[in-house]
Participant: 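Structure below; questions to follow.
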Amino acid sequence: METGERESKNFIETIIENDIKEGRVTTIKTRFPPEPNGYLHIGHAKSIILNSGLAEEYGGKFNLRFDDTNPTKEKSEFVESIEADVKWLGANWEDRLFFASNYFDDMYKAAVRLIERGKAYVSDMSADEIREFRGTLTEPGKDDPYSKRTVEENLKLFEEMKEGKYEDGSKVLRARIDMASPNINMRDPVIYRIAHLTHQNTGDKWCIYPMYDFAHPIEDAIEGITHSICTLEFEDHRPLYDWVLIEAGFKKTAEDTPKQIEFAKLYLTNVVTGKRYIKKLVEEGIVDGWDDPRLVSIAALRRRGFTPESLRKFVELCGISKGNSSVDYAMLEYCIREDLKLKRSRIMACLNPVKVVIDNFPEDKEEELVVVNNMENDELGTHTIKFTKEIYIDRDDFMKEPPKKYFRLYPGNEVRLMQAYYVTCTSFEEDENGEVTVIHCTYDPETKGGNSPDGRKVKGTIHWVPAPYAVKATVRLYENIVNEELGVYNEDGSLNLNPNSKTVLTDCVIEPEILKAKPYDSFQFVRQGFFAVDPKDTTDNHLVFNRIVSLKSSYKLPTNK
RNA sequence: UGGGCUAUCGCCAAGCGGUAAGGCACAGGACUUUGACUCCUGCAUGCACCAGUUCGAAUCUGGUUAGCCCAGCCA
């Protein structure tokens with residue numbers, strides 16, 4: 001099944017369709033506006049896929065814009081990684097890559113316009129004083145003593161701020177709105193601050209920088225964005241967004257575009273999402289880096305072997321709404337399995353190998369068998385594998401004393417070795433600890449290919465690797481970094497980490513076909529799950545695999561008896 | 001306790017006055033050279049709660065409760 005069609009549309013699509021129907025817009029324009037202060041994670045994927053998807057769906061345009069209005073937090077390292085991640089996800093901004101910082105001139109002019117219209121003033125109050133005068137949630141604020149400055153005075157002061165005459169924090173430009181507004185964002189918000197810093201894009205050209213609330217609506221207006229989609233916490237900012245556009249002359253009424261629309265963020269149950277938390281895990285060295293496979297940053301998911309298609313499917317499946325919610329991780333697992341199962345070759349690998357000797361198989365004989373890479377997808381072709389007297393199977397596929405309904409290998413039982421022969425376990429050897437060291441079997445030469453001419457059935461089919469040709473590799477197993485509740489830090493800043501979130505490296509053996517694999521290539525290891533070649537740890541002569549997701553398993557060993 | 005927003009199955013989520021879509025998860029069954037996949041079947045007399053309007057309400061009205069967001073010169 002390819003891109004299955006959704007029968008219901010989300011509320012943003014409804015808004016857009018109304019805007020088109022009622023003639024407010026003809027070509028819609030959306031944007032993804034990250035601040036380059038960290039790496040992108042799966043939550044951003046929702047926004048990227050939503051915004052670019054909407055543009056695509058309605059024949060509009062999608063822009064990538066760096067919202068770099070605060071040089072204290074931003075680095076060019078991050079703009080590079082973000083660009084790569086957005087591209088990898090398949091969002092196409094064509095030639096429309098923008099930087100808010102390139103609009104600083106327009107923003108400065110807009111601020112001057114506000115001052116001229118008496119809608120903004122320079123204040124000398126300190127940050128503490130401004131906070132004090134702002135009032136509280138239940139009490140109104142008090143007028144800024146500097147709010148009575150004349151237009152001329154404000155113009156002169158703001159010009160001097162720009163020229164660098166004042167120190168950081170000594171003056172700010174505030175919008176003149178309403179200190180008694182029940183919406184605290186409207187109590188004369190600061191719209192420009194002084195920061196003598198080298199900006200990642202504009203260098204030392206500016207020493208005053210616009211605040212988000214002032215800059216963002218202007219950025220949208222300049223680019224002709226029609227639908228400015230953001231997350232729920234900006235709902236209270238929407239009146240300010242409209243105020244700026246109207247007072248600075250970018251639009252007539254709040255009904256005109258650009259129009260801000262808010263939706264709920266994506267949370268994964270028990271998984272640490274959120275830039276600042278991931279950042280903390282990285283900085284504290286709890287994980288190896290931004291792309292540690294246990295994380296859900298885009299870089300980590302890519303390294304781990306997730307596909308862009310699987311993330312698109314996931315976002316689509318989760319839906320868009322205004323209710324805060326937390327999606328089951330199982331949903332993500334479903335999406336990646338669904339995407340990979342028809343795209344990837346199946347290969348036999350024993351994560352915890354144990355040797356099997358086929359006693360009645362001739363000592364030096366080798367048989368070449370042809371294996372279909374994916375029974376459901378012919379395009380993936382075939383490969384060959386040698387069958388030999390000594391092979392490895394997974395330790396889980398043998399039990400000395402099988403519990404009920406266990407139908408893999410055990411003394412006296414016959415199973416099928418995938419694509420090869422029926423074998424029957426005759427005996428086994430164990431060490432002093434009771435650990436099985438070698439399993440002895442006999443094979444039935446009549447069953448080559450895995451079918452019995454006499455119509456005899458076996459209940460179990462197990463995978464194997466020829467011992468002389470087994471390729472040694474390492475698999476990285478881990479659980480996601482999880483927390484008890486929504487991946488949130490405790491009040492003291494600590495995190496209740498899942499004890500399983502440790503990475504475990506295990507030696508394994510894989511059939512020789514695996515030697516053709518390159519970094520990021522992924523496979524379905526028969527009965528084990530999907531794995532991808534790690535791009536960082538892998539060397540020329542040793543492969544390291546990250547587990548992308550395990551397969552569903554409906555056989556559980558009985559817990560008691 | 002000022003303002004804004006949200007409340008439909010374990011988890012997402014449609015629904016917009018005409019008698020509860022779909023997906024994930026789960027359970028049972030069929031099939032199977034991966035106990036996978038695939039395929040069937042089941043899974044809210046109920047839509048946070050209480051009143052009211054209506055022939056009829058998850059959808060409208062009033063009230064209540066719960067959760068999320070806002071007092072950065074962050075975004």
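Letters go in sequence order (proteins before strands), and every chain restarts at 1.
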Participant: Both A:E233 and A:N70 contact RNA chain B. Which one's nearest nucleotide lies toward the 5' end?
Facilitator: A:E233
Participant: From the list B:C5, B:C70, B:C73, which nucleotide is the closest neighbour of the side chain of A:D236?
Facilitator: B:C70
Participant: Contact class for A:L232 (heavy atom, under 4.0 Å): base, sugar-phosphate, or nothing?
Facilitator: nothing
Participant: For atom C1', what is the distance between B:A58 and B:U32, given to the nearest Å?
Facilitator: 44 Å
Participant: Let's see if you can work this out: which of B:C12, B:G3, B:G35 has an atom nearest to the side-chain heavy atoms of A:S326?
Facilitator: B:C12
Participant: Which of these nucleotides, B:G10, B:G2, B:U6, is closest to any side-chain atom of A:T138?
Facilitator: B:G2
Participant: Keeping A:N352 on the side-chain end and A:D394 on the backbone end, is there a donor-acceptor pair under 3.5 Å?
Facilitator: no
Participant: Give the rounded distance in Å between these two atoms: NZ of A:K322 and C1' of B:A14.
Facilitator: 17 Å
Participant: Rounded to the nearest angstrom, tell me the gap between atom CG in A:N324 and atom P in B:A7.
Facilitator: 11 Å
Participant: Would B:G35 be called syn or anti, given that syn covers angles within 90° of 0?
Facilitator: anti
Participant: Please pick, from B:C5, B:G23, B:C70, the nucleotide with the shortest atom-to-atom distance to any side-chain atom of A:M331.
Facilitator: B:G23
Participant: Once you round it to whole Å, what is the distance between P of B:C73 and CG of A:D188?
Facilitator: 12 Å
Participant: Taking only the C1' atom of each, what is the distance from B:C49 to B:U65 in whole angstrom?
Facilitator: 7 Å
Participant: Considering non-hydrogen atoms only, spot the tightest contact between A:R174 and A:D188 and give its length.
Facilitator: NE-O, 2.8 Å
Participant: Can you label the angle between the A:H237 ring and the A:F234 ring as parallel, tilted or perpendicular, going by 30° and 60°?
Facilitator: perpendicular
Participant: In whole Å, what is the span from the CZ atom of A:R174 to the P atom of B:G72?
Facilitator: 11 Å
Participant: Measuring from the side chain of A:L137 (C-beta onward, heavy atoms only), which nucleotide among B:C70, B:A75, B:U38 has the closest atom?
Facilitator: B:C70
Participant: Regarding A:K162 and the six-membered ring of A:Y108, is the cationic atom NZ or CZ under 6.0 Å from the ring centre and inside 45° of its axis?
Facilitator: yes
Participant: For B:A20 versus B:A30, give the span between their C1' atoms, rounded off to a whole number of Å.
Facilitator: 30 Å
Participant: Report which part of the nucleic acid A:E139 touches: base, sugar-phosphate, or nothing (heavy-atom distance under 4.0 Å, all strands).
Facilitator: nothing
Participant: Which value, in whole Å, describes the distance between the C1' atoms of nucleotides B:A21 and B:G29?
Facilitator: 25 Å
Participant: For A:T69, report the nucleic acid contact type (base, sugar-phosphate, nothing); a contact means any heavy atom under 4.0 Å.
Facilitator: sugar-phosphate
Participant: Ignoring the backbone of A:I184, work out which of B:C73, B:A75, B:C70 is nearest its side chain.
Facilitator: B:C70
Participant: Taking the same atom, C1', in B:G2 and in B:C55, what whole-Å distance lies between them?
Facilitator: 43 Å
Participant: Without decimals, in angstroms, what is the distance between A:K313 NZ and B:C24 C1'?
Facilitator: 11 Å
Participant: Would you please confirm or rule out a distance under 4.0 Å between OP1 or OP2 of B:A75 and any side-chain N or O of A:R193?
Facilitator: yes
Participant: Examine B:A13: is either OP1 or OP2 under 4.0 Å from a nitrogen or oxygen in the side chain of A:S325? Give yes or no.
Facilitator: yes
Participant: Flag as yes if A:Y555 stacks onto the base of B:G35 (centroids under 5.5 Å, planes under 30°), otherwise no.
Facilitator: yes
Participant: Looking at A:R134, does any N or O in its side chain come under 4.0 Å of the phosphate oxygens OP1/OP2 on B:C70?
Facilitator: no
Participant: Using a 4.0 Å heavy-atom cut-off across all strands, classify A:I320 as base, sugar-phosphate, or nothing.
Facilitator: sugar-phosphate
Participant: Are A:Y334 and A:F314 close enough that their ring centres sit under 6.0 Å apart?
Facilitator: no
Participant: If you find the nucleotide of RNA chain B closest to A:H237 and the one closest to A:K448, which residue's nucleotide is nearer the 5' end?
Facilitator: A:K448
Participant: My understanding is that a pair needs two contacts under 3.5 Å, Watson-Crick or G-U wobble. By that rule, which nucleotide pairs with B:C26?
Facilitator: B:G42
Participant: Is any side-chain N or O of A:R337 closer than 4.0 Å to OP1 or OP2 of B:A36?
Facilitator: no
Participant: Can you label the angle between the A:F387 ring and the A:Y421 ring as parallel, tilted or perpendicular, going by 30° and 60°?
Facilitator: tilted
Participant: Check whether any side-chain nitrogen or oxygen of A:R131 sits under 4.0 Å from OP1 or OP2 of B:G72, and answer yes or no.
Facilitator: yes
Participant: Identify which nucleotide among B:C74, B:A36, B:G23 has an atom closest to any side-chain atom of A:L317, counting heavy atoms from C-beta outward.
Facilitator: B:G23
Participant: Think A:K341 has a side-chain N or O under 4.0 angstrom from the OP1 or OP2 of B:U38?
Facilitator: yes
Participant: If the plane angle is over 60° it's perpendicular, under 30° parallel, otherwise tilted; pick one for A:Y103 and A:F98.
Facilitator: tilted
Participant: Taking atom types as they are modelled, would you say the side chain of A:R408 forms a donor-acceptor pair with the base of B:G35 within the 3.5 Å cutoff?
Facilitator: yes
Participant: How would you label the contact of A:M211 with the nucleic acid (heavy atoms, under 4.0 Å): base, sugar-phosphate, or nothing?
Facilitator: sugar-phosphate
Participant: Distance check, C1' atoms only: B:C11 and B:U53, in whole angstrom units.
Facilitator: 35 Å
Participant: Less than 4.0 angstrom between a side-chain N/O of A:K552 and OP1 or OP2 of B:A25, yes or no?
Facilitator: yes
Participant: Counting the atoms with a prime plus P, OP1 and OP2 as sugar-phosphate, which does A:Y209 contact under 4.0 Å by heavy atoms, base, sugar-phosphate, or nothing?
Facilitator: nothing
Participant: Is the phosphate of B:C74, meaning OP1 or OP2, less than 4.0 Å from a side-chain N or O of A:Y212?
Facilitator: no
Participant: Look at the side chain of A:V327 and decide which nucleotide, out of B:C73, B:A36, B:C12, has an atom nearest to it.
Facilitator: B:C12
Participant: OP1, OP2 of B:C11 versus side-chain N and O of A:T269: anything below 4.0 Å?
Facilitator: no
Participant: Suppose you measure atom P in B:C50 against the same atom in B:C40; what distance do you get, rounded to whole Å?
Facilitator: 39 Å
Participant: Tell me the closest heavy-atom pair linking A:Y555 and A:K404, and the distance in Å.
Facilitator: OH-O, 3.9 Å
Participant: Work out how far the P atom of B:G42 is from that of B:G22, and round it to whole angstrom.
Facilitator: 11 Å
